[in-house]
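Since the model is a prediction, treat every value here as computed from it, not as a measurement.
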Amino acid sequence: RRRLSAASTINQPVYGPGQLGGVGIAFVRDSSECLYVNLLVRSGPAHLSGLIKQGDVLRFINGVDLRGKNLADAPPLSGPHGSKVQLGFERGYGSEPFYVTLIRHAACYPDMLSLPPPGYEFPT
């Protein structure tokens, strides 16, 4: 049986049941309530997918269309560590959505939503 020394376990996070996880995305919201990907957390689930880019618009969470919804009524982006969430994005105005299934990770909790700074120009 392998034994770990105390030195090998110091400062190493342990993730498990009961912890919440995120997908590693920080969003900005425009005046029409659209959520734009502002940045991806390096080595987070969204970044590792290689499919999501800055400026993508989040349109669906687990199949629920976010257009016209209050964010408080939307399905949660964060959830139990290790659970799956399907996100649908648009890249460019009027484009067909693409879908990505990510596994939430506690190191990326919580995902962030912020208001844009004055003068921020949203992608078109």
Verify, without hydrogens or angle tests, whether His81 (side chain) and Ala106 (backbone) share a donor-acceptor contact under 3.5 angstrom. yes
Heavy atoms only: give me the nearest Ala46-Leu40 pair and the separation to one decimal. CB-CD2, 3.9 Å
Which atoms form the tightest heavy-atom contact between Gly24 and Pro45, and what is the distance? N-CD, 4.5 Å
Set of side chain to side chain contact (heavy atoms under 4.5 Å, CB included) partners for Val41, sequence neighbours left out: Cys108
Between Thr101 and Gln86, what is the shortest heavy-atom contact and its length? OG1-CG, 3.8 Å
Salt bridge (charged side-chain N to carboxylate O under 4.0 Å, His left out) contacts in which one or both residues fall within residues 91-106, not counting sequence neighbours: Asp56-Arg91
Distance from Leu66 atom CG to Arg59 atom CZ, nearest 0.5 Å? 8.0 Å
With clusters defined by side-chain heavy atoms of hydrophobic residues (ILVMFWY) lying less than 4.5 Å apart, directly or transitively, does Leu58 cluster with Leu48? no
Working to the nearest 0.5 Å, report the span between CD1 of Ile25 and CG of Leu39. 9.5 Å
Residues in side chain to side chain contact (heavy atoms under 4.5 Å, CB included) with Ser49, at least two apart? Leu51, Ile52, Val100, Leu102
Using the rule that two of Ile, Leu, Val, Met, Phe, Trp, Tyr join whenever any of their side-chain heavy atoms come within less than 4.5 Å, decide whether Phe98 and Leu87 are in one cluster. yes
Any donor-acceptor pair under 3.5 Å from Asp111 side chain to Val23 backbone: yes
Residue pairs, two or more places apart or on separate chains, that pass ring pair (Phe, Tyr, Trp, His ring centres under 6.0 Å) and touch residues 37-58: none
Would you mind telling me which of Asn38, Val57, Leu77 makes a side chain to side chain contact (heavy atoms under 4.5 Å, CB included) with Phe27? Leu77
Which ILVMFWY residues are connected to Phe60, directly or by a chain of links, through side-chain heavy atoms under 4.5 Å apart? Tyr99
Check salt bridge (Lys or Arg N to Asp or Glu O under 4.0 Å) between Arg67 and all other residues, then give those that pass, not counting sequence neighbours. Asp65, Glu90
